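Here the structure is laid out as structure tokens; the discussion comes afterwards.
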There are 2 protein chains.
Amino acid sequence: MIGWVRLESGAVTTRSSTDAARVIPEATVARLPVYLRALTALADNGIRTCSSEDLATAAGVNSAKLRKDLSYLGSYGTRGVGYDVDYLRYQIAREIGVTQDWPVVIVGIGNLGHALANYSGFRSRGFRVVALLDADPALVGRTVADIAVRPFDDLDEIVREHDVAIGVIATPAHAAQDVADRMVGIGITSILNFAPAVVAVPEGVDVRKVDLSIELQILAYHEQRKANGGAEAAAAAADGVDAAGGGAA
Amino acid sequence: MIGWVRLESGAVTTRSSTDAARVIPEATVARLPVYLRALTALADNGIRTCSSEDLATAAGVNSAKLRKDLSYLGSYGTRGVGYDVDYLRYQIAREIGVTQDWPVVIVGIGNLGHALANYSGFRSRGFRVVALLDADPALVGRTVADIAVRPFDDLDEIVREHDVAIGVIATPAHAAQDVADRMVGIGITSILNFAPAVVAVPEGVDVRKVDLSIELQILAYHEQRKANGGAEAAAAAADGVDAAGGGAA
DNA sequence: CGCATTTTGTTCTCACGTTCACAAACTCCT
DNA sequence: AGGAGTTTGTGAACGTGAGAACAAAATGCG
Ligand SMILES: NC(=O)c1ccc[n+]([C@@H]2O[C@H](COP(=O)([O-])OP(=O)(O)OC[C@H]3O[C@@H](n4cnc5c(N)ncnc54)[C@H](O)[C@@H]3O)[C@@H](O)[C@H]2O)c1
Ligand SMILES: NC(=O)c1ccc[n+]([C@@H]2O[C@H](COP(=O)([O-])OP(=O)(O)OC[C@H]3O[C@@H](n4cnc5c(N)ncnc54)[C@H](O)[C@@H]3O)[C@@H](O)[C@H]2O)c1
């Protein structure tokens, strides 16, 4: 359907048709979890089938975009009928990789680290917090959310023992790069960074950042334009501000 | 430089040249706070002048992108020299609107609400938490970060008194839409939503969402592709995964 | 069965965002 | 003053994403 993968240099590989050209656009990847959440909500309400229009409404997107996104995964709907909620849910979960369990370590058990440790949405979505780490000796030994806080230097041991691939940084900004370097050094290849700092990582390691201040500043920018009446406000209104875009990136 | 704003229908408005065609792309708006943070870091290190290359490195972006982004604000650099750190910092802050103080209310003082209330990065970036609200009578009256928790029904009074434009939702997902509706009803026009739920708002209201689970699931997707060796991994590696894209998107 | 109706999957077009590449503008040195 | 060296600001090329529109496929009804 989408065609074969072109290779610029000579080598030509044949592929089984099952994994044909699976290059899912990044923008689509970022929306799949939203669809998954919407499907779960529908299933919880006892809905077994839905149209792209229904699901799009539940996910807060346009139905054309939804259908196009789903088409990258395959043809899991039925024309004239719609999608089977449970079936589609499973397919998306499998595509994202949340049918399996992902062990996660959290580094920096301060205000935010406490909240994260207590967050139930972690576990319910296929992520398991295997360790809480902090450099502060006063915190080590305390238990948060039934997990003992351990010294940061235990990172190596824990990552090896549980085969951890995902690390969360919730330390102050000045420590973020050091923590990231240690994580990468031990083989962690995905990092979620809550510290307001740019962390540099080698090729092959993914970093996603969550920055509250940036989100607020983006809101402030639009707010300022709304407040400044006249031409500027008109221009701001015209671009259909509805946002909820981040994601990131 | 950028030309006049074209209007599709007859009406032609003249503009003073000072606010000429200020249509800053959304992607640029999302990066301006990052530049601001990088400039602050440079200033803290005593650096008074920097090139686009320096600043780009500090902000974790490509220098061409940085220069193009800054060009939407005006010409604040000097060719052959670079940018004056303090001057550029002020210009960006003014553009975003963080030279003024933004009053903010936080609704839902659970795990996350506590962390947010204690977050110092709020205040230092031009945002002032004027109230903490919760529906739970057991929480009302307690003080968190020197601010008394007040009943959710005080929202109207507080918003009117402090002229609040920005609201933060940190309640469970099932309460998010109700809280948003109340906020919008009183005149809040910017919402930062931490609950994993789609909230619908009328035109003219901005919603940005921060969703930890989604970020982790995006990481899991890429992680899965890295793990699945062979063709898929090759494709994943080829698309230069370096992410940190949020935001926005 | 044939036809109207519904809804998906896909194609096409346009808008937006990124990156390259270079002229313009500035400094410094001789 | 003039030329070499820097660095900005921006035009143009390219790639990605969004949305409209529609053909293809399924259902249901007479
Ligand atoms: N609190 C919030 O709501 C919030 C919101 C957005 C972003 N953030 C950011 O998240 C980070 C954490 O915020 P917080 O309020 O929890 O801060 P915090 O000071 O309460 O906690 C930071 C924790 O990190 C630990 N730490 C410091 N250096 C370390 C190191 N090298 N290795 C391991 N642990 C180390 C400290 O001991 C402390 O327990 C900060 O960067 C902050 O800017 C916080
Ligand atoms: N804890 C985390 O680290 C974390 C991370 C990401 C997202 N979230 C999301 O943030 C939200 C809050 O998480 P939490 O862990 O703080 O939950 P929580 O249950 O600890 O706190 C929720 C608070 O909201 C209050 N509340 C409930 N309904 C309300 C209403 N209608 N009006 C006002 N207040 C109301 C409750 O009384 C409670 O104090 C949840 O939606 C959660 O999914 C939490």
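Keep in mind that what you see is a predicted model, and the values were worked out from it rather than measured. We name chains A, B, ... by the order of the sequence lines, and we start the count at 1 in each one.
Side-chain contact, Asp69(A) with Thr28(A): a donor N or O sits under 3.5 Å from an acceptor N or O. Counting only N and O atoms by type, the side chains of Arg94(B) and Thr99(B) include no donor and acceptor under 3.5 Å apart.
Remark: the backbone N or O of Gly204(A) is paired with a side-chain donor or acceptor of Lys226(B) at under 3.5 angstrom. Here the side chain of Arg67(B) pairs no donor or acceptor atom with the backbone of Ser52(B) at under 3.5 angstrom.
Residues forming a ring-ring contact (aromatic ring centres under 6.0 Å, His included) with Tyr76(B) (at least two apart in sequence, or on another chain): Tyr87(B). Under the rule for a side-chain hydrogen bond (donor to acceptor under 3.5 Å, both in side chains), Thr57(A) has no partner lying at least two apart in sequence or in another chain.
Side-chain proximity of Ser51(B) to dG17(C), dA18(D), dT7(D): nearest is dT7(D). Taking only side-chain atoms of Glu26(B), from C-beta outward, the nucleotide of dG17(C), dG17(D), dA18(D) with the closest atom is dG17(C).
One atom, CG of Leu70(A), and another, C1' of dA18(D), lie 15 Å apart when rounded to the nearest Å. The interatomic distance linking Leu66(A) (CG) with dG17(D) (P) rounds to 16 Å, in whole Å. Lys65(B) has its NZ atom 17 Å from the C1' atom of dG9(D), to the nearest Å. Taking atom CD on Glu53(A) and atom C1' on dG9(C), their separation rounds to 15 Å, with Å as the unit. Taking atom CG of residue Leu88(A) and atom P of nucleotide dT8(C), one finds them 11 Å apart after rounding to whole Å. Put simply, CD on Gln91(A) is 16 Å from C1' on dT8(C), counting in whole angstrom units. Between Leu55(B) atom CG and dT7(D) atom C1' the separation is 14 Å, expressed in whole Å.
The nearest heavy atom of DNA chain D to Tyr83(B) and to Asp69(A) marks one nucleotide each, and the one closer to the 5' end goes with Tyr83(B).
Side-chain N/O atoms of Tyr72(B) include none lying less than 4.0 angstrom from OP1 or OP2 on dC16(C).
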- prompt: Base, backbone or nothing for each nucleotide of nucleotides 20-30 of chain D, written B, S, -, heavy atoms under 4.0 angstrom, 5' to 3'?
  reply: SB--BBSS---

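Exactly one of Asn193(B), Leu192(B), Ile191(B) qualifies for a side chain to side chain contact (heavy atoms under 4.5 Å, CB included) with Arg208(B). That residue is Leu192(B).
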